[in-house]
Amino acid sequence: ILFSDTSYIKIKPFTVLRDIIKNYNKSSHVIIMPDIRAFQVLLPLYICWNMISKKDLRYVVIGGWLPDFLLKSRFYRNLCSKIDGIYVEANEM
């Protein structure tokens with residue numbers, strides 16, 4: 001199991017991005033759990049990479065912001081449709 005801690009992305013953006021890319025390339029299955037800000041930046045990257053490498057991409061949603069966010073954004077709705085699995089905390093989501 002490999003993981004990338006994105007909490008340092010503001011302090012060391014290139015180091016974190018390099019770590020994400022390295023771990024993505026070494027993995028056959030990718031599970032992401034970003035907050036809304038990281039989601040907006042990282043999801044397009046993961047989807048682009050996944051178009052080339054075809055890895056199993058899963059998203060574990062933390063918090064209840066995703067439904068409202070996706071209602072407002074067709075772009076991210078389309079990106080989410082390309083994820084292999086989205087797992088939410090509650091049935092209401």
[X] and [Y]: which non-hydrogen atoms are nearest, and at how many Å?
X: Gly63; Y: Val61; result: O-CG1, 3.6 Å
X: Ile83; Y: Leu57; result: CG2-O, 3.2 Å
X: Asn25; Y: Lys55; result: O-NZ, 3.5 Å
X: Ser7; Y: Asp5; result: OG-OD1, 2.8 Å
X: Ser4; Y: Ile20; result: OG-CA, 3.5 Å
X: Lys10; Y: Arg37; result: NZ-NH1, 3.3 Å

Is there a path of hydrophobic side-chain contacts, each under 4.5 Å between heavy atoms of I/L/V/M/F/W/Y residues, joining [Y] to [X]?
X: Ile31; Y: Leu79; result: no
X: Phe69; Y: Ile86; result: yes
X: Phe75; Y: Trp49; result: yes
X: Leu43; Y: Ile36; result: yes
X: Trp65; Y: Val88; result: yes

Pair Tyr24-Ser53, side-chain donor/acceptor within less than 3.5 Å: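 Judged by distance alone, the side chains do pair up.
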From [X] atom [atom1] to [Y] atom [atom2], the distance as rounded to the nearest 0.5 Å:
X: Ile1; Y: His29; atom1: CD1; atom2: NE2; answer: 12.0 Å
X: Gln40; Y: Asp35; atom1: CD; atom2: CG; answer: 9.0 Å
X: Ile32; Y: Ile62; atom1: CD1; atom2: CD1; answer: 10.5 Å
X: Asp19; Y: Leu2; atom1: CG; atom2: CG; answer: 8.5 Å

Tell me, do [X] and [Y] make a side-chain contact under 4.5 Å, heavy atoms counted?
X: Asn50; Y: Lys82; answer: no
X: Leu70; Y: Cys80; answer: yes
X: Ile9; Y: Val41; answer: no

Intermediate values then yes/no, side-chain contact (heavy atoms from CB on, under 4.5 Å), Asp56 and Val30: CA-CA 6 Å; Asp56 186 27; Val30 178; over 6 Å; no
Enclosure of Leu45 CG (heavy-atom neighbours >12, cutoff 6.0 Å):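 Atom CG in Leu45 is crowded, with more than 12 foreign heavy atoms closer than 6.0 Å.
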Over 12 foreign heavy atoms within 6.0 Å of OH, Tyr8: no
Member of Phe39, Tyr87, Tyr46, Tyr76 meeting the ring pair (Phe, Tyr, Trp, His ring centres under 6.0 Å) criterion with Tyr59: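 Testing each of Phe39, Tyr87, Tyr46, Tyr76 against Tyr59, the sole residue satisfying ring pair (Phe, Tyr, Trp, His ring centres under 6.0 Å) is Phe39.
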Result of checking Ile21, Thr15, Val16 against Arg18 for side-chain contact (heavy atoms from CB on, under 4.5 Å): Thr15
